[in-house]
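Data block below; observations after.
Quick note on labels: first sequence line is chain A, next is B, and so on, each numbered from 1. Below, each value reflects all heavy atoms present in this structure, side chains not excepted, and no hydrogens, waters or symmetry copies.
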There are 2 protein chains.
Amino acid sequence: MSSCETCVVRNRAICSGLDNKEITALNSMGRRRSVSAGEPLIWEDDDSLLVANVIDGVLKLVTSTEDGREQIVGVAYPSDFIGRPFGQTSRASVVALTDARVCVFARNDFDRFAREHPELEHKLLERTLSELDRTRSWMMLLGRKTAPEKIATFLLEMSERLAETGCQPSFGPARRFSLPFSRQQVADVLGLTIETVSRQFTKLKNDGVIELPSRREVEIVNRGALLALAG
Amino acid sequence: MSSCETCVVRNRAICSGLDNKEITALNSMGRRRSVSAGEPLIWEDDDSLLVANVIDGVLKLVTSTEDGREQIVGVAYPSDFIGRPFGQTSRASVVALTDARVCVFARNDFDRFAREHPELEHKLLERTLSELDRTRSWMMLLGRKTAPEKIATFLLEMSERLAETGCQPSFGPARRFSLPFSRQQVADVLGLTIETVSRQFTKLKNDGVIELPSRREVEIVNRGALLALAG
DNA sequence: TCCCCACCTTGACGCAAGTCAAAAACGGGC
DNA sequence: GCCCGTTTTTGACTTGCGTCAAGGTGGGGA
């Protein structure tokens with residue numbers, strides 16, 4: 001594992017706030033790992049029992065029914081924490097959407113270290129509370145919003161989330177971005193089918209609300225219209 | 001505020017693990033409050049900024065759109081923690097479903113106390129992680145399950161959650177229980193309409209899977225069938 | 001450069017769940 | 001025990017989204 005000192009998420013991930021000695025200790029417990037797009041990091045009901053920080057790339061958290069239906073229940077971006085410390089084994093698989101680099105720890109090691117470092121547990125708590133907030137607003141979307149509302153909300157969220165990681169150091173949401181999702185994956189986030197997603201994208205393009213320069217690229221032409229549609 | 005020593009959730013809520021001195025300090029910051037069924041404790045985007053422990057009763061966490069659609073995004077039972085410490089104001093209202101008693105704290109006071117007591121923060125972290133797990137499995141339900149699957153899953157979850165609080169000290173899920181939800185509220189939990197909920201209940205009754213002795217009472221006659229339907 | 005294959009789009013059609021409307025059943029209060 | 005308002009159930013009809021089935025299309029590899 002290369003040194004945390006050069007880590008790009010050192011000051012944003014839960015490791016921020018640890019002093020050099022602590023970072024060294026944590027460093028010695030973990031290791032870096034690369035995951036290619038499409039490759040799983042954790043299987044549903046896995047017993048490999050690991051947790052991780054995302055350094056680079058985007059990963060999906062997904063649950064599936066026996067008959068193959070999938071629902072993406074979370075998306076992890078750089079500096080996000082992955083896995084289920086303390087007790088339970090995670091009920092969701094983690095799969096890389098893009099090529100990604102993560103910093104992984106055995107869950108037991110991490111649990112012990114965390115319990116000895118309240119500052120780290122506090123960071124993890126704040127993160128978990130935020131994730132719970134985000135997840136709850138996604139429940140509203142899944143349970144009560146129509147397909148057009150879902151798509152508009154999704155595009156707005158993407159333009160905000162991807163701006164933080166984006167190349168340009170500009171503030172505010174990105175006007176143009178590259179989706180880390182295929183159409184099927186967008187469907188799995190929104191609780192729709194791929195056909196419905198495709199039709200809604202086409203409709204927004206025809207209405208002049210967005211441009212679709214390529215399969216993965218999106219440009220928001222009329223943000224006001226999207227906001228109105230998102231409800 | 002009556003003493004924590006007699007509190008029925010003293011050993012289950014996040015206060016468990018605090019010693020007598022700490023409990024006394026926490027005690028002096030909070031106060032007990034009764035909330036009648038239907039009465040709100042926290043408004044959406046509230047600035048009253050409070051957090052609470054549930055002592056008794058059941059409360060719903062709900063978000064709504066401008067045009068009046070509602071989605072219940074969480075349910076709080078005795079010993080559960082309510083509210084959003086550290087920073088953000090909560091995006092959801094909290095409303096009592098049954099008459100309830102809670103132990104409330106000003107958020108600032110609670111935040112300060114929590115940061116000084118890692119054991120309490122740890123308890124809160126474990127609770128928040130569990131709630132996130134539960135919320136994520138509910139996303140799968142909202143996004144990918146059919147109405148019959150949703151109803152079956154809901155009834156099974158109710159029979160487990162309400163068993164813990166139930167009068168009889170029996171173990172395992174309750175065979176018969178009293179729903180803390182109206183039909184409309186069941187619909188708001190499952191992302192359905194009241195009519196669909198009613199029709200599915202009637203169908204399960206006609207199929208001999210459940211009995212409905214009164215509006216709020218449910219008796220599970222054939223748990224196996226429910227498990228199969230839940231998917 | 002071109003070919004291939006996975007991914008995406010488009011169209012026709014069906015159905016699960018929503019909507020609208022009215023009747024029925026409950027249960028709290030007198 | 002009997003009202004009366006509220007909640008629930010039931011029925012008839014509609015519709016948004018899913019399903020099924022053909023085409024397109026773009027980008028990576030030979």
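Using a 4.5 Å heavy-atom threshold, the side chains of A:Leu226 and A:Leu204 count as touching. Counting heavy atoms from C-beta on, the side chains of A:Val95 and A:Glu39 never come closer than 4.5 Å.
Looking at the side chain of B:Thr146, the nearest of the listed nucleotides D:dG27, C:dA17, D:dG18 is C:dA17. The side chain of A:Thr202 lies closest to C:dT10 when the candidates are C:dT10, D:dT9, C:dT19. Considering only the side chain of A:Ser198, C:dC8 comes nearest among D:dT8, D:dC17, C:dC8.
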Quick one: do B:Phe81 and B:Thr128 satisfy side-chain contact (heavy atoms from CB on, under 4.5 Å)? Show the steps, please.
CA-CA 9 Å; B:Phe81 181 83; B:Thr128 309; over 6 Å; no
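Using a 4.0 Å cut-off, no side-chain N or O of A:Ser182 falls inside it from OP1 or OP2 of C:dC7.
Each of A:Glu219, A:Arg176, A:Arg175, A:Arg223 was scored for a side-chain hydrogen bond (donor to acceptor under 3.5 Å, both in side chains) with A:Ser159, with one residue passing: A:Arg223.
Put simply, CD on A:Gln200 is 15 Å from C1' on C:dC8, counting in whole angstrom units. For the pair A:Asp188 CG and C:dC8 C1', the interatomic distance rounds to 15 Å; values are reported in whole Å. Atom pair B:Lys205:NZ and C:dA25:P shows a separation of 10 Å (rounding to whole Å applied).
Looking at heavy-atom distances under 4.0 Å, B:Arg215 makes contact with a base.
Put simply, the side chain of A:Arg199 and the base of D:dG16 share no donor and acceptor less than 3.5 Å apart. With hydrogens and angles left out, the side chain of A:Glu195 and the base of D:dC20 share a donor-acceptor pair within 3.5 Å.
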